Amino acid sequence: QVQLVESGGGLVQAGGSLRVSCAASGRTFTDSAMGWFRQAPGKEREFVASISWSGISRATADSVKGRFTISRDNAKNMVYLQMNSLKPEDTGVYYCAASRQGVVTQTRYDYWGQGTQVAVSS
């Protein structure tokens, strides 16, 4: 079992930056690929970024490529999503997720956090 707790959401103006964090506990965190997803009001949850257990491999959705960066600190059991050049369409609840596998994935996630709200004003 893995417990995930997100933090760092908030309200930011378009063009601004924000970093959301995810604290993991429980099952061996360092074996797990981690991911970030988001869900905008009235829309389905969508993949944002993934990082392998080692941090070497990453995958990022086209909609955020060049603006968002996923990273992890295995010593602290933390995962981060640095968001730059934010747009109003980035607004949503951001969820952290953990996979039982170690390689990057857009779909194979087994544990989810409760989410943190990000709002970008125009």
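Along the sequence shown, residues carry numbers from 1. Just so it is clear, the model here is predicted, and its values are computed rather than measured.
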Next item on the list: Could you walk me through whether Tyr95 and Thr116 pass the side chain to side chain donor-acceptor pair (under 3.5 Å) test, one step at a time?
Entry: CA-CA 7 Å; Tyr95 297 92; Thr116 185; over 6 Å; no
Next item on the list: Assess whether side-chain contact (heavy atoms from CB on, under 4.5 Å) is satisfied between Met83 and Val118, documenting all intermediate values.
Entry: CA-CA 10 Å; Met83 304 182 287; Val118 172; 4.0 Å; yes
Next item on the list: Take Val93 and Arg45, measure what side-chain contact (heavy atoms from CB on, under 4.5 Å) needs, and give me the verdict at the end.
Entry: CA-CA 9 Å; Val93 179; Arg45 188 164 56 189; over 6 Å; no
Next item on the list: Could you please spell out the steps behind the side-chain contact (heavy atoms from CB on, under 4.5 Å) verdict for Arg72 and Ile70?
Entry: CA-CA 7 Å; Arg72 68 189 295 162; Ile70 187 172; over 6 Å; no
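When ring centroids are compared, Phe47 and Trp36 stay outside the 6.0 Å threshold.
To the nearest 0.5 Å, atom CG of residue Asp110 and atom CD of residue Gln1 are 10.0 Å apart. To the nearest 0.5 angstrom, Leu81 atom CG is 10.5 Å from Ile51 atom CD1. Atom OG of Ser52 is separated from atom CD of Gln101 by 11.0 Å, given to the nearest 0.5 angstrom. A distance of 9.5 Å separates CE of Met34 from OG of Ser99, quoted to the nearest 0.5 Å. Here CZ of Phe37 is found 7.5 Å from OG of Ser50. Values are rounded to the nearest 0.5 Å.
Within the 4.5 Å cutoff, no side-chain heavy atoms of Asp31 are placed close to those of Trp53. Between Ser21 and Val79 the shortest side-chain heavy-atom distance does not fall below 4.5 Å. Counting only heavy atoms from C-beta outward, the side chains of Phe68 and Leu86 approach each other to under 4.5 Å. No side-chain heavy atom of Cys22 sits less than 4.5 Å from a side-chain heavy atom of Met78. Looking at heavy atoms from C-beta onward, Leu4 lies out of side-chain contact with Trp112 at the 4.5 angstrom threshold.
A donor-acceptor pair under 3.5 Å links the side-chain atoms of Gln117 to the main chain of Gly92, judged by distance alone. Within the 3.5 Å criterion, the main-chain N or O of Val120 finds no donor-acceptor partner in the side chain of Gln13. Distance alone, capped at 3.5 Å, places no donor-acceptor pair between the Asn74 side chain and the Thr30 backbone. At distances below 3.5 Å, not a single donor-acceptor pair connects side-chain atoms of Ser32 with backbone N or O atoms of Ala98. A donor-acceptor pair is defined here as one N or O able to donate and one able to accept, closer than 3.5 Å; no such pair exists between the side chain of Arg67 and the backbone of Gln82. Without hydrogens or angle criteria, Ser54 side chain to Ile56 main chain gives a donor-acceptor distance under 3.5 Å. Here the side chain of Ser122 pairs no donor or acceptor atom with the backbone of Pro88 at under 3.5 angstrom.
Geometric assessment of Arg38 against the ring of Tyr94 yields a negative cation-pi assignment under the 6.0 Å and 45° thresholds.
Between Thr60 and Val64, the shortest heavy-atom contact is CG2-CG2, 3.3 Å. Closest approach of Phe29 to Ala24, counting heavy atoms only: CD1-CB, 3.4 Å.
In this structure, Lys76 has no salt bridge (Lys or Arg N to Asp or Glu O under 4.0 Å) partners at least two apart in sequence or on a different chain.
Using a 4.0 Å cut-off between charged nitrogen and carboxylate oxygen, Lys87 and Asp90 do not count as a salt-bridge pair.
When only modelled atom types and interatomic distance are considered, Asn84 and Ser17 share a side-chain donor-acceptor pair under 3.5 Å.
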